[in-house]
Structure formats: C-alpha cells, structure tokens
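Every heavy atom of this structure was used, including side-chain atoms; hydrogens, water molecules and symmetry mates were not. Just so you know, these numbers come straight off a predicted model, no measurement behind them.
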Amino acid sequence: MMFKKVLIVDDHDDINNGVLNALHDFEIKNIHKAQYCDDAFLKIRKADLDNENFDLIITDLSFKKDYRECKIESGEGLIAIIKEEYPKIPIIVYSMDNRLQKVRSLITKYQIEAYVCKDRNGSAELSQAIKSVFEKKQFLSPQVSNALSPKTDLEIEEYDIELIKQLANGLSQDEISGLFKSNNTTPNSLSSIEKRLNRLRIQFKANNAIHLVAIVKDLGLI
C-alpha cells in the first residue's frame with residue numbers, strides 16, 4: 001500500500017499540477033491542497049482531531065506575501081511546527097532553493113525525509129522521493145545530495161552567506177558595510193566585517209577573498 005492521504009502546500013498552481021501528476025502515478029486519490037501555510041496547518045490539525053491524519057506532506061519553502069496576514073509565513077516555519085506537534089508525518093520539501101546550507105539545516109534541525117529541487121527533472125525526482133519516503137528511505141535531489149558530506153560540514157551562518165554573496169557581486173568591504181547599514185543587517189561596521197572575513201578565510205583555508213568566494217561556490221553554499 002502507498003500513502004493514502006497527502007497534503008500539498010504550494011502557492012503556484014502549475015507546480016501543484018506537477019505534484020498532482022506524480023501522486024496520481026501512485027494512484028493516490030485523497031489529495032488536499034493549501035496555498036497558505038496557516039491553512040495547511042489548520043488542515044493538519046483538523047485531520048488529527050478527526051482521526052484522519054495526513055500521512056505525507058509535500059511543501060515549498062517560499063510563499064509570496066499578499067493582502068492576507070499570516071502567522072506562518074514560510075515553509076520552514078510550517079515544517080518546524082509540524083515536526084514539533086506531529087513528528088510522525090513525513091515531509092518532502094519541493095523547492096527552487098538548491099543551497100546546500102539550507103538543505104543541511106532542514107535535515108539536521110527538523111529531520112525532513114526528502115528534499116527535491118524544482119527544475120527540469122523535478123517531477124521525476126519527486127516520484128522517486130515519494131517512493132523512497134514510503135520505503136522509509138531519505139531522498140535528496142542529485143544537485144544537493146552532498147549537503148551532508150563531510151566536505152560541507154562547515155558551520156556557516158546566513159549572515160556569512162550574505163557577506164560572501166556581496167563579495168561575489170564585486171562589492172568592497174566598505175560598500176558591504178554601507179549596504180548592511182542601510183538594510184539594518186548587523187554587525188555592519190567595517191571592522192566587524194573585516195574580522196568576519198578573516199575568520200571565514202581561516203575556516204575555509206582560503207588565501208584571499210577571491211579564493212574564499214570560489215571555495216564557497218564550489219561547495220554550493222551560495
């Protein structure tokens with residue numbers, strides 16, 4: 001027997017149709033959809049109260065903001081709540097975000113069961129993920145499959161990623177300081193940015209800033 005009751009959480013109808021096709025290939029008929037994370041969690045909670053729980057969640061990570069105020073604004077926020085309150089429900093992330101750091105974070109923090117990248121092979125990989133998760137096996141799309149590799153086992157924060165991204169965009173440390181100040185990103189002083197970059201260069205064994213950017217790109221962290 002395959003999964004019986006599945007919830008798709010995505011705000012793009014065309015993506016939803018692709019997910020539906022993958023589920024229909026497994027003859028899964030009890031499929032529910034939500035375009036807002038708040039609505040998704042309400043459906044999950046009601047299903048639990050009715051003793052008719054979902055046995056698989058497929059969710060995106062990013063959701064466009066509109067007129068509606070939402071308590072849960074992202075797929076990651078939804079995942080955190082589901083894994084806290086309903087840890088037995090397996091989750092497949094289906095996202096355009098292919099950063100290894102993001103994938104590793106979701107796996108280590110929330111123990112998600114699968115991560116599938118939305119690209120030209122996304123539908124085929126989603127089908128593989130559904131089958132793997134049903135068989136109690138973890139699945140990662142090939143382009144993020146080394147997210148847990150020892151070579152990428154380097155602690156790096158979102159701040160560091162943004163800092164290196166701006167270096168890659170050609171900004172000087174002084175310009176990055178000005179940008180961070182305008183965005184209220186902290187720390188943003190020139191000295192703190194210099195110290196952070198020095199630490200990152202040591203951590204990644206980089207000879208200079210250009211070498212640091214190249215290493216981090218090769219690891220798929222930006």
Side-chain angles (χ1 to χ4, degrees), residues 3 6-23 25-26 28 31-41 43-44 54-66 68 70-84 86-87 89-134 137-149 152 156-158 160-162 164-165 216-217 219-222:
F3 293 115
V6 180
L7 176 62
I8 305 168
V9 192
D10 201 304
D11 58 3
H12 292 88
D13 286 336
D14 54 338
I15 299 296
N16 269 336
N17 290 333
V19 178
L20 283 171
N21 290 336
L23 294 171
D25 287 343
F26 290 104
I28 300 170
I31 302 168
H32 300 252
K33 296 186 287 184
Q35 292 192 322
Y36 296 90
C37 293
D38 284 8
D39 292 349
F41 189 66
K43 287 176 182 287
I44 294 167
F54 290 99
D55 48 16
L56 178 65
I57 309 293
I58 301 174
T59 183
D60 196 355
L61 291 179
S62 59
F63 292 81
K64 287 186 177 179
K65 290 186 178 181
D66 59 15
R68 179 173 165 178
C70 293
K71 292 181 180 178
I72 310 171
E73 297 183 344
S74 70
E76 183 169 352
L78 177 63
I79 290 166
I81 295 173
I82 294 171
K83 286 297 186 180
E84 181 179 351
Y86 307 101
I89 303 178
I91 296 176
I92 296 175
V93 171
Y94 191 38
S95 170
M96 293 184 70
D97 191 338
N98 60 5
R99 290 176 297 160
L100 299 188
Q101 178 73 7
K102 175 58 68 176
V103 179
R104 184 177 61 178
S105 173
L106 291 170
I107 292 172
T108 55
K109 285 175 68 176
Y110 308 117
Q111 291 79 51
I112 62 167
E113 282 69 19
Y115 195 105
V116 180
C117 296
K118 288 180 181 177
D119 59 16
R120 64 185 64 183
N121 298 316
S123 295
E125 289 169 9
L126 182 60
S127 293
Q128 293 176 48
I130 293 168
K131 184 175 184 295
S132 294
V133 172
F134 181 73
K137 300 174 185 175
Q138 188 180 69
F139 179 89
L140 302 177
S141 285
Q143 57 269 53
V144 296
S145 61
N146 61 340
L148 300 179
S149 164
T152 58
I156 182 169
E157 300 173 11
E158 290 295 328
D160 300 325
I161 291 172
E162 185 60 29
I164 298 170
K165 271 185 184 177
V216 173
K217 277 187 175 180
L219 290 172
L221 297 177
I222 63 170

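Note on ring orientation: taking the six-membered ring where Trp is involved, the planes of F54 and H32 are perpendicular (angle over 60°, cut-offs 30° and 60°).
Considering only heavy atoms from C-beta on, Y94 comes within 4.5 Å of S123 through its side chain. Under the 4.5 Å side-chain criterion, counting only non-hydrogen atoms from C-beta, K102 is in contact with E76. I72 has its side chain out of reach of F63: every pair of non-hydrogen atoms, C-beta onward, lies at least 4.5 Å apart. You'll find the side chain of D97 reaches within 4.5 Å of the side chain of Y115, heavy atoms only.
Between K83 and I112, the closest heavy-atom pair is CE-CA, 4.4 Å. The two residues S127 and F26 have their closest heavy-atom pair at O-CZ, 3.4 Å. The two residues A114 and V133 come nearest to each other via the heavy atoms CB-CG2, 3.7 Å. Residues V116 and G122 approach most closely at CG1-O, 3.7 Å, considering heavy atoms. Of all the heavy atoms in S74 and C37, the pair that sits closest is O-SG, 3.5 Å. V9 approaches A40 most closely through the heavy-atom pair CG2-CB, 3.7 Å.
Other residues, nucleotides and ligands contribute at most 12 non-hydrogen atoms within 6.0 Å of the NZ atom of K131. Other residues, nucleotides and ligands contribute over 12 non-hydrogen atoms within 6.0 Å of the CZ atom of R68.
The one candidate from L23, I130, I31 that meets the side-chain contact (heavy atoms from CB on, under 4.5 Å) condition with F3 is I130.
Of the possible polar contacts, none joining the S132 side chain to the F139 backbone as a donor-acceptor pair under 3.5 Å is found. Although no hydrogens or angles enter the test, the distance criterion places no donor-acceptor pair under 3.5 Å between the side chain of D10 and the main chain of D60. Using a distance-only test at 3.5 Å, with no hydrogens or angles considered, a donor-acceptor pair links the side chain of D160 to the main chain of E157. Using a distance-only test at 3.5 Å, with no hydrogens or angles considered, a donor-acceptor pair links the side chain of S145 to the main chain of P142.
Rounding to the nearest 0.5 Å places NZ of K137 at 15.0 Å from CD of E113. Note that CD1 of I79 is 8.0 Å distant from OH of Y110, once rounded to the nearest 0.5 Å. Once rounded to the nearest 0.5 Å, the distance linking CG of D11 with CG of D66 reads 8.5 Å.
At a threshold of 4.0 Å, the pair E158-K165 does not count as salt-bridged, since none of the basic side-chain nitrogens sits closer than that to a carboxylate oxygen.
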